[in-house]
> 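I'd like to ask some things about the structure below.
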Amino acid sequence: MSDTHSIIFRVIRRIPRGKVAAYGQIARLAGFPGQARLVGYALHALRDGSGPRVPWWRVLNARGEISLPAPADQDLQRSLLEDEGIVFDLRGRVDLKRFGWKK
DNA sequence: CTAGTGACTGTTT
DNA sequence: AAAACAGCCACTA
């Protein structure tokens with residue numbers, strides 16, 4: 001596994017329960033400003049549970065919506081977030097003003 | 001080495 | 001407010 005991924009995962013592990021962060025925000029905190037896609041790519045490599053324990057479901061895009069390609073995974077992520085108290089509006093979006101991880 | 005692609009984002013239509 | 005565009009970068013063919 002590359003170092004960049006490790007650094008990114010380390011940042012994501014700091015996201016407190018009940019809060020969500022955007023890809024770009026993770027990238028910035030990890031020291032890679034403007035490289036949101038890199039975060040997405042790193043997380044994509046996790047989907048086989050073969051990686052370190054990372055709360056990947058607390059990562060959303062800048063609009064506050066789930067960005068996963070597979071509908072099945074989207075439902076899973078949504079359920080996990082709702083279990084932590086996150087609320088989705090009728091359009092399936094989270095209010096980042098309320099649940100965004102402010103750092 | 002070149003080209004296409006993707007768990008993105010800020011700006012401009 | 002939603003959609004289109006153009007940067008961004010690692011990875012694959």
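Each chain gets a letter, A, B and so on, in the order the sequences are listed, and its residues count up from 1. Values reported hereafter were calculated over all heavy atoms of this structure, with side chains retained and with hydrogens, waters and symmetry mates removed.
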> Starting at the 5' end of DNA chain C and moving along, which residue's nearest nucleotide shows up first, A:Tyr41 or A:Arg37?
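It is A:Arg37, whose closest nucleotide lies nearer the 5' terminus.
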> Between A:Arg91 and A:Glu65, is there a salt bridge with N-O shorter than 4.0 Å?
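No.
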> B:dG10 P sits how many Å from A:Asn61 CG, rounded?
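Computing the A:Asn61:CG to B:dG10:P distance gives 10 Å.
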> Looking at every strand, decide which applies to A:Ala22 at a 4.0 Å heavy-atom threshold: base, sugar-phosphate, or nothing.
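A:Ala22: backbone/sugar contact only, no base atoms under 4.0 Å.
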> In whole Å, what is the span from the CD1 atom of A:Ile66 to the C1' atom of B:dC8?
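Distance check: A:Ile66 CD1 to B:dC8 C1' gives 16 Å.
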> Could you tell me whether A:Arg58 contacts a base, only the sugar-phosphate backbone, or nothing, with contacts defined as non-hydrogen atoms closer than 4.0 Å?
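It contacts nothing in the nucleic acid.
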> Evaluate A:Trp57 against A:Glu84 for side chain to side chain donor-acceptor pair (under 3.5 Å), listing each step before the verdict.
CA-CA 11 Å; A:Trp57 56 90; A:Glu84 297 188 347; 3.2 Å; yes
> What is the separation between atom CG on A:Asp3 and atom C1' on C:dA10, rounded to the nearest whole Å?
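For the pair A:Asp3 CG and C:dA10 C1', the rounded distance is 14 Å.
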> Rounded to the Å, how far apart are A:Arg47 CZ and C:dC11 P?
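Going from A:Arg47 (CZ) to C:dC11 (P), I get 15 Å.
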> Less than 4.5 Å apart, any side-chain heavy atom of A:Leu96 and any of A:Val20?
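A:Leu96 vs A:Val20: side chains touch.
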> Indicate the atoms forming the closest heavy-atom contact of A:Leu38 with A:Phe32, along with that distance.
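Smallest interatomic distance, heavy atoms only, reads CD2-CG, 4.4 Å.
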> Given atom CD1 of A:Ile8 and atom C1' of C:dA10, what is their separation to the nearest angstrom?
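Taking atom C1' of C:dA10 as the reference, CD1 of A:Ile8 is at 10 Å.
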> What does A:Leu68 touch in the nucleic acid at a heavy-atom separation under 4.0 angstrom: a base, only the sugar-phosphate, or nothing?
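The residue A:Leu68 makes base contact.
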> Check the distance between B:dA7's P and A:Gln35's CD and give it to me in whole angstrom.
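After rounding, the reported distance stands at 17 Å.
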> If we ignore hydrogens and angles and just use 3.5 Å, is the side chain of A:Arg58 paired with the main-chain N or O of A:Leu81 as donor and acceptor?
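Side chain of A:Arg58 to backbone of A:Leu81, a donor-acceptor pair under 3.5 Å: no, none is there.
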> Could you check which of B:dA7, B:dG10, C:dA2 has an atom nearest any side-chain atom of A:Arg93?
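Nearest to the side chain of A:Arg93 among the choices is C:dA2.
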> Answer with base, sugar-phosphate or nothing: what part of the nucleic acid does A:Arg91 contact at a heavy-atom distance below 4.0 Å?
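Counting heavy atoms under 4.0 Å across all strands, the contact made by A:Arg91 is with sugar-phosphate only.
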> Please report the distance, rounded to the nearest Å, between CG in A:Leu29 and P in B:dC8.
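From A:Leu29 CG to B:dC8 P: 18 Å.
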> Rounded to whole Å, please give me the gap between CD in A:Gln25 and P in B:dG10.
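After rounding, the gap between these two atoms is 11 Å.
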